[in-house]
Amino acid sequence: MRKLILLVPFLVAAAACTPTEQGAAIGGLGGAAVGAAVAGNELEGAVVGGAAGAIAGALIGRASEGRNQCIYRDEYGRRYSAQCPRGY
């Protein structure tokens, strides 16, 4: 049961839309878990580890996205990526 509780946040994070969002979510959750495990104060370690993990994960996710690609929404609210307008 404990493994399931630990696995659910990672599955939810993997369902995020863009690679940047996925990286931030997974990095934040992983960083919080590691920070809580290794710090003397679990809450403080989770906060610091989560923030550092989210930033690192977002940067890694952003680097894996296509260059000059923007995220748009169509009239039905669905997200898609396409070439950014010139000069953007």
inquiry  = If I compare all heavy atoms of P85 with all of C70, which pair ends up nearest, and what's the gap?
reply    = CD-SG, 4.3 Å
query = If you link I, L, V, M, F, W and Y whenever their side-chain heavy atoms are under 4.5 Å apart, who else ends up in the same group as L43?
reply = V47
Non-neighbouring partners of R78 that pass salt bridge (Lys or Arg N to Asp or Glu O under 4.0 Å), sequence neighbours left out = D74
request  = Quick one: list whatever passes ring pair (Phe, Tyr, Trp, His ring centres under 6.0 Å) with Y80, sequence neighbours left out.
outcome  = Y72
